[in-house]
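Encoded as structure tokens, the structure appears first; notes follow it.
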Amino acid sequence: MPVHIVGESRLLRDMFLAICQSNDYQIGTCCDELSTLAGLGIDDLVLYYSHETGPELVEELRQFKEGNDASLLILIMGRECSTSMQTALSAYAEAVIPQRKSAEALIAALRVVQSGYRIVPSDISAALRAADVTTSGGDRAAETLSAASPPELELAETVPADRINGSLPQSGSGTGALTGGSTSRSGATVPTDLRRMPASAAAYGLSGREWLILTKLIDGATNKSIANELSICEATVKVHLRTCFRKIGAKNRTQAAIWASEQFLS
């Protein structure tokens with residue numbers, strides 16, 4: 001997935017370029033105006049630095065997305081802006097992060113967005129939780145996967161990209177595991193280390209199989225689909241989930257999925 005770097009400041013473009021290259025990202029175009037980029041697809045991710053925070057920026061992003069709807073956009077803000085403005089910008093950007101964050105936070109944002117998530121203001125995530133949208137399918141229910149932010153992204157929350165449109169991400173073959181990685185929004189493979197059980201989760205006494213099943217909840221998988229993918233019976237999945245709930249202190253699938261997301265993105 002090539003990363004395109006856009007910003008008026010040559011110095012900042014060079015800084016973002018060095019950060020991306022040091023983390024082995026393929027670099028695409030480096031330019032000073034967003035309108036220069038056209039015809040981008042699902043394999044393209046754009047880092048855009050802007051010091052503007054008004055409605056003109058919202059309109060600029062809207063026009064960019066009209067021509068490049070499939071691409072991913074991370075907006076880096078040079079100035080602080082209100083939560084309401086961040087919300088407006090989040091309609092067109094997969095992530096909105098302030099310039100004051102660290103290089104590690106920028107790379108965390110890149111990885112989260114590549115994994116099919118959006119980093120959005122907290123009020124959006126709260127609204128999604130409050131909506132409590134249910135779906136048919138028995139044990140597959142109403143799970144808004146808001147999560148704690150990656151390090152130093154504490155002003156935002158993360159939710160699956162599909163949830164922004166009111167639906168859960170689909171689970172199926174090729175989705176995440178402790179080995180091999182999972183399929184992202186673009187169809188690319190998510191790096192394995194985003195699925196490996198973190199130390200914070202291991203401290204709760206989870207087994208590798210239990211953590212694997214919890215990651216399936218993040219993907220919105222049903223007990224039946226988990227059983228089919230792991231070649232075990234559905235009753236066994238239920239037993240594993242009950243054990244997971246007890247170990248992490250979750251009352252239901254929603255809480256378990258949110259908890260797993262927090263560990264997964266930490």
Side-chain angles (χ1 to χ4, degrees), residues 1-10 12-13 16-17 20 25-99 101 106 109-125 127-128 131 133 144-146 153 155-170 183-188 190:
M1 174 180 285
V3 177
H4 306 274
I5 300 172
V6 184
E8 293 181 0
S9 169
R10 172 70 180 274
L12 286 174
R13 291 202 308 270
F16 294 143
L17 176 64
C20 291
Y25 278 95
Q26 177 187 348
I27 304 301
T29 302
C30 289
C31 57
D32 57 1
E33 293 185 2
L34 196 59
S35 59
T36 302
L37 300 176
L40 301 183
I42 60 175
D43 291 329
D44 295 277
L45 190 152
V46 179
L47 285 181
Y48 178 37
Y49 172 84
S50 175
H51 63 275
E52 298 294 338
T53 59
E56 296 83 3
L57 177 59
V58 176
E59 176 61 18
E60 181 182 15
L61 298 189
R62 186 192 67 78
Q63 292 182 9
F64 171 76
K65 277 294 189 175
E66 278 189 352
N68 303 277
D69 183 59
S71 62
L72 301 172
L73 174 64
I74 294 179
L75 176 64
I76 303 166
M77 302 297 298
R79 298 176 183 172
E80 296 295 335
C81 64
S82 66
T83 301
S84 60
M85 179 55 66
Q86 290 183 52
T87 300
L89 294 169
S90 292
Y92 305 104
E94 277 65 35
V96 179
I97 61 176
Q99 175 188 342
K101 298 301 180 183
L106 175 60
L110 280 165
R111 297 177 73 185
V112 167
V113 169
Q114 283 182 308
S115 299
Y117 285 76
R118 298 171 70 97
I119 301 174
V120 299
S122 297
D123 61 341
I124 292 180
S125 221
L128 290 171
V133 179
T144 301
L145 306 184
S146 62
L153 292 177
L155 296 182
E157 295 193 40
T158 61
V159 296
D162 291 346
R163 173 56 83 180
I164 296 296
N165 298 319
S167 61
L168 284 164
Q170 296 300 308
T183 302
S184 71
R185 172 184 179 275
S186 65
V190 177

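Numbering starts at 1 and runs along the sequence shown. What you see below is based on every heavy atom in this structure, not just the backbone, and it leaves out hydrogens, waters and symmetry mates.
When side chains are defined from C-beta on, L47 counts as touching L110, because their heavy atoms get closer than 4.5 Å. Between L72 and V46 there is no side-chain heavy-atom pair separated by less than 4.5 Å.
A donor-acceptor pair under 3.5 Å is formed between the side chain of K65 and the backbone N or O of S71. Using modelled atom types, no side-chain atom of H4 and backbone atom of G28 make a donor-acceptor pair closer than 3.5 Å.
Between M85 and T53 the shortest heavy-atom distance is CG-O, 3.1 Å. Scanning both residues, E80 and P98, for their nearest heavy atoms gives OE2-CB, 4.3 Å. The two residues G78 and Y49 make their nearest non-hydrogen contact at CA-OH, 3.4 Å. Pairing each heavy atom of Y48 with each of L57, the nearest pair is CE2-CD1, 3.9 Å. Among all heavy-atom pairs drawn from G41 and D44, the shortest one is N-OD2, 2.9 Å. Closest approach of Y92 and L73 over heavy atoms only: O-CD2, 3.7 Å.
H51 pairs in a side-chain contact (heavy atoms from CB on, under 4.5 Å) with only one of the listed residues (M77, E8, Q99), which is E8. The residue from V6, I76, I27 that alone fulfils the side-chain contact (heavy atoms from CB on, under 4.5 Å) condition with F16 is I76.
With rounding to the nearest 0.5 angstrom, the CZ atom of R10 is 9.0 Å from the SG atom of C30. To the nearest 0.5 Å, atoms CD (E52) and CG (L89) are separated by 11.5 Å. With rounding to the nearest 0.5 angstrom, the OG1 atom of T29 is 5.5 Å from the CG atom of L37. Atom CD1 of residue I5 and atom CG of residue L12 lie 11.0 Å apart, to the nearest 0.5 angstrom. Between the CD atom of Q26 and the SG atom of C20 there is a distance of 11.5 Å, given to the nearest 0.5 Å. Atom CZ of R13 and atom SG of C31 lie 7.5 Å apart (nearest 0.5 Å).
Partners of N68 under the side-chain hydrogen bond (donor to acceptor under 3.5 Å, both in side chains) rule, at least two apart in sequence or in another chain, do not exist in this structure. Residues that satisfy the salt bridge (charged side-chain N to carboxylate O under 4.0 Å, His left out) test with E59, not counting sequence neighbours, are R62. Applying the side-chain hydrogen bond (donor to acceptor under 3.5 Å, both in side chains) rule to E56 yields no partners; only residues at least two apart in sequence or on another chain are considered.
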